[in-house]
Undergrad: 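This is the structure I want to talk about, given as structure tokens.
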Protein chains: 2
Amino acid sequence: MTREAPTPRRRATLKDVAAALGVSPATISNAYNRPHHLSADLRERVFQMAQQLGYPGPHPTARSLRIQQAGALGVLYPERLFQAFSDPFSTEFLRGITAATEGAGLGLLLVPASSSSHPAVSTVQGANVDGLVLYSLADNDPRMQAALVRQVPMVLVDQPRLEGFPFVGIEDQHGAEMAARHLIDLGHHKVGIVSLKFSPESFDILITANHPPTCHYRVSSSRLEGYLEGLQLPAEHLPVFICEHNSLQNGALAATQLLDAHPDLTAILTMSDQLAFGVMEAARNRGLNIPEDLSVVGYDDGASALQAGLTTIHQPSETKGRLAGEALIQLLQGQVPAAEQILPTRLVVRGTTRNF
Amino acid sequence: MTREAPTPRRRATLKDVAAALGVSPATISNAYNRPHHLSADLRERVFQMAQQLGYPGPHPTARSLRIQQAGALGVLYPERLFQAFSDPFSTEFLRGITAATEGAGLGLLLVPASSSSHPAVSTVQGANVDGLVLYSLADNDPRMQAALVRQVPMVLVDQPRLEGFPFVGIEDQHGAEMAARHLIDLGHHKVGIVSLKFSPESFDILITANHPPTCHYRVSSSRLEGYLEGLQLPAEHLPVFICEHNSLQNGALAATQLLDAHPDLTAILTMSDQLAFGVMEAARNRGLNIPEDLSVVGYDDGASALQAGLTTIHQPSETKGRLAGEALIQLLQGQVPAAEQILPTRLVVRGTTRNF
DNA sequence: TTGTATGCGTTATCAA
DNA sequence: TTGATAACGCATACAA
């Protein structure tokens, strides 16, 4: 097993350096982690020998195992990670997390969603992290249970609560209600809704609000409730298009189908800015002017909403991320963070809504 | 905070389950990893006992150490992670990486930059990853050496090359040259340049192109060279403002100082879209119309450039990320990726440049 | 189908 | 200041 061959095909370890130097492994470890526990001279010789043998320094995983710290925080995202970087609004959330956690020297691990070969739960089970942020997961997402089982510190954001874990969210329903009331105040009676998805496997579908399918996403259900509350219109005459993705393209599709089925609509409420942009594009393509012929309201108020002059509901997504990150760090330090932090939403009236 | 579950003083381990069940540790391990190596009945009993004891399943770090796989890829970013989520253009790059790596079940670890308490090299030494993407690091960034020492698979993107590691980049200089020539073709003779940073510690400074300070960033130096090549103007009359940050605010500051010192400028070349937006804002604030009074060219062509009608240099940042991710995965699989992939840049003329 | 023994590469506790 | 040794928690040949 032991070979004195000068060509170690295998990565050199701390023991190899110790052996080559005729000292104990502890000394090598000390050279890296406790400089004052050994003479400067010996320490220098250790580093020289390490370089000579190609010893890359303490193995991170072995060290993590030993000191019981992974040095990273994980984020569970409802969709494929690809999506996390597609919406300017969700990158703001991630920015908030890093703003809070980077100073502590903690990395941010984006945990991959499921794929054919790698079920989602296995990736959350295998994530080398000291804590998790559960972001906007569906109430039937198996990863929630998998995360719970891991018994690591967790913070929940915009998703179903779990007893004993800090929650960070926004006044989702209230924001939607304000959006709806804004339209009512402007005199609109024929309003369509473009919704975010209802369940992980959902696909594009046009329904009416009186018979909604089961909704597994807290954000979607809260906002829909807010819309209904604010509109006070008969649900059976309220068309709702449920989108599979939160994308401009999907918003355009939604608008097309809504307007095809209900040409008399004078306004559309959307559950995200991205969807609103898509609606606007589709509306213009069929010759409708905004806001003259059609009023549109978004949700989120990401960076691009200002640029586009979109009337929308503002939510502090970066702050949301920061609070989540801070709560998680407090948990790691044995402190007790606020059990619940609900951030305010507010209506921002710009140029895409108008009197009817 | 307190949970009703039987709180074990210490996290239960595989051994505990084995002991409680009177079987060997290997059996527990098999129950989780090799279902077919034991009877369905015993497997079921294992899971039940695990639940009863609160055993969270195999410890990810211990497992990682044993199987020599971290299950994640790391990204080294030139600035604080906060910045990675601030520029729509760099999020496109990250999106490309995840698009390539998520399918393989690999997480993406964003390695934190330095802070007062945590030197940057320690975080790269301690990152639990199977490979690294070095993105746009300065040639004097100590993390490059730290990464090299680790002897893990690496891919270099938009930064100094290292012998033996795949490189992914763009035609940086060529793009800049086209931008400059575009202005010359339009008849401009008085041109200012807004540059990205030259060194990690750099601060805002106005210089002339004939005496540039040492540049540690490959992207900045390539683009500056391209500008000089394309402009063919005397360097001593070419003002360059070097920005500390790649932000709209910094672009506005740059424009203000450039135009204060050189009121006769008719055009400004910027090394990023973000900087261009800032220049445009500052120009408008001082009563200059774009492009009538001032032509502006960006770089990157991120999503917002189209919306703003910015003349800019397009680069395929998402593709860049995808290729980097794919190359890294090939490395992990023992395959040999292309040693070098240089993606094309192209001039996109929109509404912010005009004849002079 | 199940058990035994060993090693993955460290760090921590003690003793010298 | 340095050394011997036992964890850290698991997976895998190999034996039974």
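Below, all heavy atoms of this structure are taken into account, side chains as well, without hydrogens, waters or symmetry copies. Letters go in sequence order (proteins before strands), and every chain restarts at 1.
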Undergrad: Just compare D:dT1, C:dA12, D:dG9 and give me whichever is closest to any side-chain atom of A:I67.
TA: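 From the listed options, C:dA12 comes nearest.
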Undergrad: What integer distance in Å separates A:Q69:CD from C:dT11:C1'?
TA: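 That distance rounds to 12 Å.
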Undergrad: Looking at C:dG3, I'd like to know if its phosphate oxygens (OP1 or OP2) sit under 4.0 Å from a side-chain N or O belonging to B:T27.
TA: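 Looking at the OP1 and OP2 atoms of C:dG3, one of them is under 4.0 Å from a side-chain N or O of B:T27.
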Undergrad: Looking at the side chain of A:P58, which of C:dT11, D:dA11, D:dT2 is the nearest nucleotide?
TA: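 For A:P58, the side-chain atoms sit closest to C:dT11.
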Undergrad: Return no unless some side-chain N or O of A:Q68 is found under 4.0 Å from OP1 or OP2 of C:dT10.
TA: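 Looking at the OP1 and OP2 atoms of C:dT10, neither is under 4.0 Å from any side-chain N or O of A:Q68.
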Undergrad: What's the CD-C1' distance between B:Q125 and C:dG9, to the nearest Å?
TA: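 Going from B:Q125 (CD) to C:dG9 (C1'), I get 16 Å.
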Undergrad: Contact class for B:H59 (heavy atom, under 4.0 Å): base, sugar-phosphate, or nothing?
TA: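 Since only primed, P, OP1 and OP2 atoms lie under 4.0 Å of B:H59, the category is sugar-phosphate.
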Undergrad: If you look at every strand shown and take non-hydrogen atoms under 4.0 Å, does A:Y32 touch a base, only sugar-phosphate, or nothing?
TA: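 Answer is nothing: A:Y32 stays at 4.0 Å or more from every strand.
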Undergrad: From the list D:dG3, D:dT2, C:dT2, which nucleotide is the closest neighbour of the side chain of A:S24?
TA: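 When the side chain of A:S24 is considered, D:dG3 is the closest of D:dG3, D:dT2, C:dT2.
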Undergrad: Taking the six-membered ring for Trp, is the centroid-to-centroid distance between B:Y32 and B:F47 below 6.0 Å?
TA: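 Yes, ring centres under 6.0 Å apart.
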Undergrad: Between D:dA4, C:dT10, C:dT2, spot the one nearest the side chain of A:R63, thanks.
TA: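 Of all the options, the side chain of A:R63 is nearest to C:dT10.
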Undergrad: Starting at CG of A:D41 and ending at P of D:dT2, how long is that distance when rounded to a whole Å?
TA: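 A:D41 atom CG is separated from D:dT2 atom P by 8 Å.
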Undergrad: Taking the minimum atom-to-atom distance to the side chain of B:N30, which one of D:dT12, C:dT11, C:dG9 wins?
TA: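 For the B:N30 side chain, the nearest candidate turns out to be D:dT12.
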Undergrad: In whole angstrom, give the distance that lies between atom NZ of A:K15 and atom P of C:dT6.
TA: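 Spelled out: NZ on A:K15 to P on C:dT6 is 13 Å.
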Undergrad: Given A:L331, which partner from the list A:V152, A:V155, A:V336, A:D130 fulfils the side-chain contact (heavy atoms from CB on, under 4.5 Å) test?
TA: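 Considering A:V152, A:V155, A:V336, A:D130, a side-chain contact (heavy atoms from CB on, under 4.5 Å) with A:L331 is found only for A:V155.
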Undergrad: Of the candidate nucleotides D:dG3, C:dG7, C:dT11, which contains the atom at the shortest distance from the side chain of A:A26?
TA: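 The nucleotide sitting nearest to the side chain is D:dG3.
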Undergrad: Does a nitrogen or oxygen in the side chain of B:S64 sit under 4.0 Å from OP1 or OP2 of D:dC10?
TA: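 It does not, given that no N or O in the side chain of B:S64 lies less than 4.0 Å from OP1 or OP2 of D:dC10.
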Undergrad: Once you apply a heavy-atom cut-off of 4.0 Å, does B:S29 come out as touching a base, just sugar-phosphate, or nothing?
TA: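 Touches a base.
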Undergrad: Please indicate whether B:Q51 has more than 12 foreign heavy atoms, meaning atoms of other residues, nucleotides or ligands, lying under 6.0 Å from its CD.
TA: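 Counting other residues, nucleotides and ligands, CD of B:Q51 stays at 12 neighbours or fewer.
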Undergrad: Atom CD of residue position A:Q68 - does it have more than 12 heavy atoms of other residues, nucleotides or ligands inside 6.0 Å?
TA: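 Buried by this count: over 12 neighbours within 6.0 Å.
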Undergrad: A:N33 side chain N/O closer than 4.0 Å to the phosphate oxygens (OP1, OP2) of C:dT11?
TA: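 Result: yes.
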Undergrad: Hey, does the side chain of A:T13 come within less than 4.0 Å of C:dG9's phosphate (OP1/OP2), counting only N and O?
TA: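 No.
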Undergrad: Please tell me which of A:I28 and B:L65 maps to the more 5' nucleotide of DNA chain C, matching each residue to the nucleotide holding its nearest heavy atom.
TA: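 Here B:L65 is the residue nearer the 5' end.
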Undergrad: Can you identify which nucleotide, out of C:dG3, C:dT10, D:dT12, has its nearest atom closest to the B:R34 side chain?
TA: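 Of all the options, the side chain of B:R34 is nearest to D:dT12.
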Undergrad: My understanding is that only one of A:L323, A:T101, A:L73 makes a side-chain contact (heavy atoms from CB on, under 4.5 Å) with A:L328; could you say which?
TA: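 Only one of A:L323, A:T101, A:L73 forms a side-chain contact (heavy atoms from CB on, under 4.5 Å) with A:L328, namely A:L73.
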Undergrad: With no angle test and no hydrogens, is the base of D:dA7 tied to the side chain of A:R66 by a donor-acceptor pair under 3.5 Å?
TA: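 Result: at least one qualifying N/O pair found.
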